[in-house]
Each structure stands twice: as C-alpha cells, then as structure tokens.
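In the text below, chain A, chain B and the rest are named by the order of the sequence lines, each starting its count at 1.
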Number of protein chains: 4
Amino acid sequence: MSATTSSPIEGAPATRARRADARQNADALVEAATELFAEAGVDVPARTIAARAGVGVGTLYRHFPLRSDLISAVFRRELDACVAAAAPLEEAYPPGEALDRWIMRYTQFVAAKRGLAAALHSGDPAYEPLATYFSTHLTPTLGRLLASARRAGEISQEVDAAEFLGAVADLCHGVRPGGAASGRAERMVGLLLAGLRSGEGGD
Amino acid sequence: MSATTSSPIEGAPATRARRADARQNADALVEAATELFAEAGVDVPARTIAARAGVGVGTLYRHFPLRSDLISAVFRRELDACVAAAAPLEEAYPPGEALDRWIMRYTQFVAAKRGLAAALHSGDPAYEPLATYFSTHLTPTLGRLLASARRAGEISQEVDAAEFLGAVADLCHGVRPGGAASGRAERMVGLLLAGLRSGEGGD
Amino acid sequence: MSATTSSPIEGAPATRARRADARQNADALVEAATELFAEAGVDVPARTIAARAGVGVGTLYRHFPLRSDLISAVFRRELDACVAAAAPLEEAYPPGEALDRWIMRYTQFVAAKRGLAAALHSGDPAYEPLATYFSTHLTPTLGRLLASARRAGEISQEVDAAEFLGAVADLCHGVRPGGAASGRAERMVGLLLAGLRSGEGGD
Amino acid sequence: MSATTSSPIEGAPATRARRADARQNADALVEAATELFAEAGVDVPARTIAARAGVGVGTLYRHFPLRSDLISAVFRRELDACVAAAAPLEEAYPPGEALDRWIMRYTQFVAAKRGLAAALHSGDPAYEPLATYFSTHLTPTLGRLLASARRAGEISQEVDAAEFLGAVADLCHGVRPGGAASGRAERMVGLLLAGLRSGEGGD
DNA sequence: AATGAATGAGGGTTCATTCAT
DNA sequence: TATGAATGAACCCTCATTCAT
C-alpha cells in the first residue's frame, strides 16, 4: 500500500476517470520531457515541457514537484531496461565479452540521452535522487559483471564500479545523437575497456 | 624589465600609472573569475565576478566584453604552461613515459580548473574561441607526443589527439579539487593510457 | 450584451472568472500606459507601466510581449472611433465641411495622445504595426473624404492622404494637452486645410 | 569682450598652442556630432561622438558639459546662416516671394538636420537653450518677413512666427535626407504657405 | 485535479558622467 | 588640458514557482 496509491476500494467511477486522466498527463509530461531533454538539455524551461505535453505548468508541478523528479521519471525506465539487459548477456557470453557488451549498451544509452551526464555531475542537489538511483541499481550490476570478468582472469585492473560508470557517462558528455561527435564516446570507452585488460595490475 | 613592469624611472607617468591601475583591475577580475569558475562553474553571474574583484560590472565589460574573453584570460596562461611543459618531458624521458607524464600534467590542470571541461563542451558559441585555442595549441602538442610514442612502438592503438584531449577533459568533469572525487580522474585517465598500449590494434 | 461583458448567468465559472481577472489586468495596463505615454512618451520603462497598473512586469510581458502590442492596444480603440466618426460627418455635412470636421477630430485625438506621433515616426521597427494600422484604416478614410471634396470642387490641391495624416500627426508633436502649445496644432492644421483650397493647383 | 574670450594680452606661446589645440578638439567634436546626429539622431551616445572626433569622452564633457551645448554648437552656425539668408532675399524679391523662398530654405535646413526637430520639441529642459536661440534669432527674422508680406497684402492669415517655425520643424520630423519621405516635408510646408494666402481671414 | 495568470527575483548589458593621472 | 578607466544606475527580458479559480 504505497503512499501514492489511495484506498483500493472506491466507488465513484468519476474518481477513477480522474486518476486515469492524471496518469495520462503524467505520461505525456514524461514523453515531452524526454524529447526536450534530448533536444535542448535538462535545463529546458518548465513551461516549454508543459506546453509540449499539452498541459498547464501547474500540472507539471503537481506531478513532478522537483525537477529531479521529472529527470528521474524520464530516465528510470530506460535505466531499468539497461539493468535488465545484463542477465541475458551474462548467460549468452563469456564474462569478458558480457562486460564489454553491457558497457557498450550503457554507453549508447547515456550518449543518446543528452543531459543525463550533465545532470549526474552537476553537483546540484536536485539531482541527488538520480545519483542514488545509479548507485543502487546500475552500480551493483556493473559490479557483478566486473567480478565475473576478474574471476575469469579477463581483467587485471582494480576498478571501482561507480567510478567506471561515472567515467563512461562523462565520456558521453556533450555528445549529441547523430552529431559530429558521434563515435567519439564509443572509441574512448573502448580504450577504457582495453585498459582494464592491461597487465600492469592495479597500482 | 619588461614593458608591462612599471619602471621606476618613468617616461610618461600619467598614462603609465593609469594603465597600471587598469591592469590591476583586469588581473583582479581574472583572479576572481578563476576562483568563481572553480566554485560555481563558468556560468557564474557577471555581477558576482565583478563584486568579488571589487570593481563595478562596467569594468568587467570594459576589459572582457565577451564572456569567452574572460574564460580565455583565465585559462590561457596555464594552457600555455601546459604546452610548454611538453618539450622538457620529451627530452628527459623515453616517448612512452613522456606521453604519460604530459597527459597526467594536463589531467591535473584540467581537474583543477572546474568549469574548463564544461565550457569546452557546452556547445555555447561563446566558448568557441576556447575550443579553437585547444585545437591550435594543445592538440598539436599531444599529436607530437603520440606520434613519437607510436614510432617507438609504445602504443598500438590509433587515436585522434583532439578526441583524446576531449576525453581527458570530460573525465575531469565535475571534479572538485580536494573533493571526494579526487583521484578518480587520474585513475580513469590511467586506464585510457593503458588502453592505448593494448595490442588489439585500432579497430 | 457583447461577448466581452461577463453575463450574470455564467457557464464555466472558474475559467471565466480567471479570464475576467486577467482582462482587468490587461485593461489596467492599457490605462496605465495611456497615462504614462502621455506624461512621459512611449519610451517609458516597462517597469514603470507595470507599477502604475499595480501588477508585476511579468504580467505586462504576458499580455503585451512586444512594446508595439501595448502601443496598439493604447491607440487602437480610439483610432477605430476616429475612423467610425467619418460616416456620420459625411452624411451630415457637405464634403468640404465633412473633411474639415473630420480632420479636426483627428487632430484633437492625436494631440491628446502624446507619443503617438513620436511612435509613428520613430523609425523603430517596433512601431511598424501601428504605422500599418494607420495605412490600412485611417488612410482610406481620409482618402474617401478628400475624393468627395475634390469631386465637389472644394479642394484643388493634389494631396496624398497618408502624407496628410502624417503631417497632421507631426504638427501635434510635442503638444501636451492643456499645455502652453494648446491651440497651436489646431491653428497650423487649419492653415493646412486652407492651403488645400488655394487655387494654385498641384505643382 | 565676451566671457569666453580671455585676456587679450598673454605671453606664453605654450598657452596659446594649448588653446589652439583645444579649439581644434572642439571643432572636431562639433563636426563629429553633426555627422552622427544626422546618421543616428541626437541621442547618439557620448562615447560614439568622442570616438568619431578622435578624442576622449572627458574632452567632450570639458567642451560641452551639457548635451544641449553640443546641440547648440552643432546647429548654431547653420542657424546663423539661415538668418543671414533673409536679407538678400528681401532685397531681391517681392515680400511674398521672399517669404516663400526663405521658408523653403529653412525647411530644407531642418529636414537635413535629423534630430533638430526632435530636440526642439522633446520637452527635455536640456534643449531649452536651443529653443531660446530660435526665439531670439529665427523668430524675429520670420516675423519681419511675415510683416512685410502682410503689409504688401500678400497674406491675410494672422500667424505667430514662432508657431509657424515650430510647425515647419515638426513637418520635417522623421525625414531622413534622401530617404523615402523626401519631398513630403516640402509639399506640406507648401500647403502651409498656401494656407497663409487664403482669404478667410484669421479666425 | 487542472489551469494558466501573476509575481518578482535574477542576470545581461549599456551608457552618462566623474575623476585620478 | 586631455584621457579613458571606473562606476553603477537603469533597462530589458526570462523563467521558476505559487495559487486563486
């Protein structure tokens, strides 16, 4: 019985309709924000988002009182998908390759989401929840992949999963999907992964 | 006794003295901007910078009509020092080590200058001149170091100098000197350098 | 019972009521602008207008995003009244007198609206719409009056309606209602009208 | 012995040189202002004028502490020339034609001096001296021409010289030399002069 | 629950004017 | 006397956020 779910037994269909409406609005807002974050960064004006979603600003604030709430809503689903992509990769490939493939998937995701990297390292407390989401969901996933690869003798460098995720996100910074920088992030992340294999040991 | 140092035996006192004053203001502004860029990013309000320097806004605009002028003034000297540091390293060390040491020097510099990386990838045309400065000064320097290392058989990966510089700058993103992230940038750059040596060739 | 009059039997109360409020603000702004344009010219600061209307600047910009929007709002109604005044005069008086009377009415209107003339000839593109309004509404009206008078053999001079309107507006320039210059504009416009009758023909 | 002429006997040639320099600067400023007033109106920034004259702003303020001082300096010479043009016309032509010709000369002068008319009727006390100059120099000149013409039975309307001068200036408002409005002022002033002849008597 | 009007702080930039040199 | 650096008030305009309806 979460706080956002009201009593399971309620009679008025009107209320239910209301709720459905509200849900639709929230969805429209997330969709609009997704598009606009990609087009113009996470600092796009609130009114612009509301307008794109076809609702009033008030509605935006009702559903997402903090900007970070909207950011989280925008990225959470895809972040979850990213996490979920790990298991199949672990089954289908040997540890080293699973690691590479997952990181590349993550790279493409972050690169595609202009503003995500910026938000993560902005230092603005508003984005704390997003950082938290990373550390509770993505970091353990990468940690597992790294541990497997190490156990299999594939990587020799000691590396902190959170740090690595952050590094990859940073390398996607400023990349616009389809822009001139396309490919840059992937190449640099490739170097990072290659570095992981190098035999000099973790100093 | 350079022209900018006011000689004790002055030739045109009035003008010289005024110039010295103005110069001091410009210096104070650069200093204030340096601090504030580090504390709060390159988007810190013009008024704040002027106040910190103890001058009026008008003075800031007189000396640095464009924001990029101030950015350049803040970073140019140290950027030049960074470029100049390459030659001695090339003489004192074998190519591979010279490369590593120079990159680490560059890393520390960028990490110390919060806001530099952000400015570089902001996409704001105001920072174009800074990007240009990079491509005309730093990129050739790294290009030379990379070429030597490759000739010496030290590195096998194909890599674009500008891309690599950008990647390092990105990895320094969000790092506050002495902050919790300290060391992170260096570690990740180390991985990048290790990746350069890996034998898988440029794909 | 026009659409703009809030009917006592309201259909959609909430929205309607808000609209009424907003409308009142817009009206207050127009009123404040009218006064201030007269007192201090059309270049009076936006904040001053907002303050006089008892609203925030944002409200002013919401209702009148461009300065010319406010200008238009200030003058349009009276401009329309001026246009509408022509027909009755044409019916009630012979062509020559109708022309004189209408021009005098126009003169009094422009003289009462300090800033109108200035705006018209400022050359500032912001006031283009106002000039357009003149050429599409007032100019044809005067054109008709002039044509009738000429047909009736009352005037012999060839004159362009737009030019004549502009001239009258210019003659009202700097006139403050009730100020020392009062009467000056009317006298000079009278001379202009007398000149129209003179028999020397169009040169 | 005007107030601006210092003691006629002074020894130091250096001082004299100084004075010559100062005079040159003042002249350069007047010239620059003349150009800029025509190009951009009387509200052109002080620095722009100083720059065009090749002097510092301080020099501008030394010579013309008030903006109106500069305005006056700019127009006085030509205003004087305008006044001086009356006598020859009075000798060469019959009163009515002398009046017409002088008014047209005045019209062309004012039309050529963008900003003059605006300054005259701005209501800004800064331009008072200019208005005073008008009433003490130009007004009597026109008064004389009008009186002669009336005495000769050429004009029947009663008209105030100052008012008429103001009206002509207003009609030149917004006219840019060589611009689209060229000719408009002359045509309207022609109407005014024709009106002066009309036989309806001064009402 | 939705709306969007209103608020007003905030940041950029320009210039008139002063004044130390 | 000339200079031009410095000052800071004044304007413009844009949002984030609140709240009456």
Worksheet item: Taking CZ from D/Arg23 and P from F/dT1, how many angstroms apart are they, rounded to a whole number?
Response: 14 Å
Response to the item:
Comparing A/Val44 with D/Arg47, nearest DNA chain F nucleotide closer to 5' gives the residue D/Arg47
Worksheet item: Are any of the side-chain heavy atoms of B/His63 and B/Val55 separated by less than 4.5 Å?
Response: no
Worksheet item: Should D/Glu31 and D/Asp27 count as side-chain neighbours, where that means a heavy-atom distance under 4.5 Å?
Response: no
Discussion item. Could you spell out the base pairing of DNA chain F as a dot-bracket line? Use Watson-Crick and G-U wobble contacts where both distances are under 3.5 Å, [ ] for crossing pairs, | for partners on a different strand.
Written reply: .||||||||||||||||||||
Discussion item. Ignoring hydrogens, what is the shortest heavy-atom contact between B/Val74 and B/Val30? Give both atom names and the distance.
Written reply: CG2-O, 3.9 Å
Worksheet item: Do you know which two heavy atoms are closest between C/Ala73 and C/Phe64, and how far apart they sit?
Response: CB-CE2, 3.7 Å
Response to the item:
On a heavy-atom basis, the closest approach of D/Leu60 and D/Ala50 is CD1-N, 4.0 Å
Item to complete: Calculate the interatomic distance between A/Gln24 atom CD and E/dA2 atom C1'; express it in whole Å.
Response: 14 Å
Fill in: Neighbours of DNA chain E within residues 28-37 of chain B, by heavy-atom distance under 4.0 Å
none
Worksheet, complete the sentence: Heavy atoms of D/Ala28 and D/Ala53 approach each other most closely as O-CB, 3.6 Å
Practice prompt. Check whether any side-chain nitrogen or oxygen of C/Asn25 sits under 4.0 Å from OP1 or OP2 of E/dA5, and answer yes or no.
Written response: no
Would you list the atom pairs, donor with acceptor, under 3.5 Å between side chains in residues 41-49 of chain C and any protein atom, with sequence neighbours excluded?
from: C/Asp43; atom 1: OD1; to: C/Tyr127; atom 2: OH; distance (Å): 3.4

Practice prompt. Grab the CG-C1' distance between D/Asp43 and F/dC11 for me, whole Å please.
Written response: 15 Å
Discussion item. Nearest 0.5 Å, please: how far is CZ in D/Arg76 from CG in D/Asp69?
Written reply: 8.5 Å
Practice prompt. Check each residue of residues 58-74 of chain B for a non-hydrogen atom within less than 4.0 Å of any atom in DNA chain F, then write out the ones that pass by number, or none.
Written response: B/Gly58, B/Thr59, B/Arg62, B/His63
Fill in: Minimum-distance nucleotide (side-chain atoms of C/Ala22 versus E/dG12, E/dA5, F/dT1)
E/dA5
Practice prompt. For B/Tyr133, enumerate each residue passing the ring-ring contact (aromatic ring centres under 6.0 Å, His included) test, keeping only those at least two apart in sequence or located in another chain.
Written response: B/His137
Practice prompt. Only pairs at least two apart or in different chains count here, so list each side chain to side chain donor-acceptor pair (under 3.5 Å) that has a residue in residues 52-62 of chain A.
Written response: A/Glu35-A/Arg52, A/Glu39-A/Arg52
Worksheet entry | Comparing B/Val57 and C/Val55 on DNA chain E - which has the more 5′ nearest nucleotide | C/Val55
